[in-house]
Amino acid sequence: MAPIDGGQSGRKAYIVTGPTAGIGRQTALDLARHGTIVLVGRDPGRLDSVRQTIEGGGGRAASVVCDLSDLASVRRAAALIIELGLPVAGLVNNAGIMQLRPTTNALGWDMTFATDHLGSFALTEALAPHLPDGAQVVFICSGVEDPERRFAVMAGFRGGRYISAEASARGEWAPGGSKLPGADAYATAKQCNLATVLAFAREMPRLRFNAVEPGFSPGTDLGRDSNVVFRLVMKHVLSPMAPHIRYMGNPKSAARVIVGVLTDDSDATGVYYDERGRPMSGSALVREPEFQDRVVAETRALLAQVPA
């Protein structure tokens, strides 16, 4: 963990996961104008680079190394963040992957589901009791969880394919899914993210839980498994055009919405914002409170199987 000086103790602080590239990096840089940034990610070198960029611009930051696919790492990171004793005004659960070739973590859990849902869920649950009243928790979600969302269907997604938390951890998805490699794991994880936001908003009213759909963002590292030419075209050709196309965005436009939600003084909670910052609806399934509660209960039960 990078050191943090005592002069930061009175400033608002914001925690950002996955802050070394794409939406997470831009969000961290923009949020630095509003307070101290706690950078949470896997690569110490890349975390240090972002920290230096923030501090070079007059901001303040601390870095905490954490692999969200590893529950033990998440628990250690949460403990370190709590030890900092900062007045945390917001948490951004941004880190995410979409593997085209599925792999598993040390527990044998699907890597995409473990990183995108289980890790962010565990981090939020560990930090929630230590957050002050009114703190904002934002999950970066995705419209690909909705099987009726036309743009997502055109891109090859077929919505979340949730069976249970244990089945998802095993990499098992409901039939009728996508032929796009990695799509079912990613869509299901994002459906669980949104279900978590809506359930937590009801369960923990002293905090604010909201979700942001940043739009399809070709300038991010999400598709890091793709070939080099595809990644270059996405980043340098499509990304600059994205904010002008419906359902699309880029790191700058996404960060603008995320920072706006995080610094909003209203009591809004349980809201799902689109790439322009307007309220939107998730899938019919994820809007059902029974489904939301089942996802949360099953996720808790799965994580409880792993000794502290």
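Throughout, residue positions are numbered sequentially from 1 according to the sequence presented.
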Could you report the tightest heavy-atom contact between [X] and [Y], atom names first, then the distance?
X: Val88; Y: Leu131; answer: CG1-CD2, 3.6 Å
X: Leu302; Y: Ala169; answer: CD2-CB, 3.9 Å
X: Phe113; Y: Cys192; answer: CE1-SG, 3.8 Å
X: Asp116; Y: Gly96; answer: OD1-CA, 3.1 Å

Selection residues 64-76 - residue pairs positive for salt bridge (charged side-chain N to carboxylate O under 4.0 Å, His left out), sequence neighbours left out: none
Would you list the pairs meeting salt bridge (charged side-chain N to carboxylate O under 4.0 Å, His left out) in which at least one residue belongs to residues 89-99, sequence neighbours left out? none
Judged by atom type as modelled, is there a donor-acceptor pair below 3.5 Å linking the side chain of [X] to the main-chain atoms of [Y]?
X: Asp133; Y: Arg206; result: no
X: Ser142; Y: Lys190; result: no
X: Ser253; Y: Gly249; result: no
X: Ser120; Y: His117; result: yes
X: Arg278; Y: Glu275; result: no
X: Arg208; Y: Ser266; result: yes

Any pair counted as side chain to side chain donor-acceptor pair (under 3.5 Å), so long as it reaches residues 171-182, sequence neighbours left out: Arg170-Glu172
Verdict with supporting geometry, Ile97 and Met111, side-chain contact (heavy atoms from CB on, under 4.5 Å): CA-CA 8 Å; Ile97 62 173; Met111 190 67 78; 3.7 Å; yes
Considering only heavy atoms from C-beta outward, does the side chain of [X] approach that of [Y] to under 4.5 Å?
X: Tyr273; Y: Glu213; answer: no
X: Ile54; Y: Leu39; answer: yes
X: Leu107; Y: Val306; answer: yes
X: Ser283; Y: Glu148; answer: no
X: Asp43; Y: Thr20; answer: no

Atom [atom1] in [X], atom [atom2] in [Y]: separation rounded to 0.5 Å?
X: Ser73; Y: Leu123; atom1: OG; atom2: CG; value: 10.0 Å
X: Asn193; Y: Cys141; atom1: CG; atom2: SG; value: 5.0 Å
X: Leu118; Y: Thr196; atom1: CG; atom2: OG1; value: 9.5 Å
X: Leu100; Y: Leu180; atom1: CG; atom2: CG; value: 7.5 Å
X: Leu71; Y: Trp109; atom1: CG; atom2: CH2; value: 5.5 Å
X: Lys12; Y: Leu262; atom1: NZ; atom2: CG; value: 10.5 Å

Below 30° counts as parallel, above 60° as perpendicular, anything between as tilted: where do the rings of Tyr14 and His34 land? perpendicular
Residues forming a side-chain hydrogen bond (donor to acceptor under 3.5 Å, both in side chains) with [X], sequence neighbours excluded:
X: Asp110; value: none
X: Thr17; value: none
X: Arg202; value: Gln292, Asp293
X: Asn210; value: Gln136

Which is it for Leu127 and Ile82 under the side-chain contact (heavy atoms from CB on, under 4.5 Å) test, yes or no, and what are the steps along the way? CA-CA 7 Å; Leu127 294 176; Ile82 293 165; 3.9 Å; yes
List the residues meeting ring pair (Phe, Tyr, Trp, His ring centres under 6.0 Å) with Phe139, not counting sequence neighbours, and say none if there are none. none
Partner of Ile258 by side chain to side chain contact (heavy atoms under 4.5 Å, CB included), out of Asn94, Val16, Val92: Val92
Tested for side chain to side chain contact (heavy atoms under 4.5 Å, CB included) against Pro214, the lone hit among Asp274, Val257, Ile140, Asn250 is Ile140
Between Cys66 and Leu68, is the side-chain contact (heavy atoms from CB on, under 4.5 Å) condition met? List the steps. CA-CA 6 Å; Cys66 174; Leu68 283 170; 4.1 Å; yes
So, Glu298 versus Ser164: side-chain donor-acceptor pair below 3.5 Å or not? no
For Thr124 and Asn93, which I'm curious about, is there any donor-acceptor pair between the side chains at under 3.5 Å? yes
Residues forming a side-chain contact (heavy atoms from CB on, under 4.5 Å) with Arg300, sequence neighbours excluded: Phe121, Glu125, Phe200, Glu203, Val296
Report the hydrophobic cluster partners of Met280, with the cluster defined as I, L, V, M, F, W, Y residues connected by side-chain heavy atoms closer than 4.5 angstrom, directly or transitively. Tyr162, Leu194, Leu198, Tyr272, Leu285, Val286, Phe291, Val295
Got a sec, which hydrophobics cluster with Val153, joining ILVMFWY side chains under 4.5 Å apart, including via others? none
One thing to verify: whether Arg294 and Glu290 come together as a salt bridge, which I'm taking to mean a side-chain N less than 4.0 angstrom from a carboxylate O. no
For residues 21-32, which side-chain donor-acceptor pairs fall under 3.5 Å, sequence neighbours excluded?
{"residue": "Gln26", "atom": "NE2", "partner": "Asp30", "partner atom": "OD1", "Å": "3.0"}
{"residue": "Thr27", "atom": "OG1", "partner": "Ile23", "partner atom": "O", "Å": "2.8"}

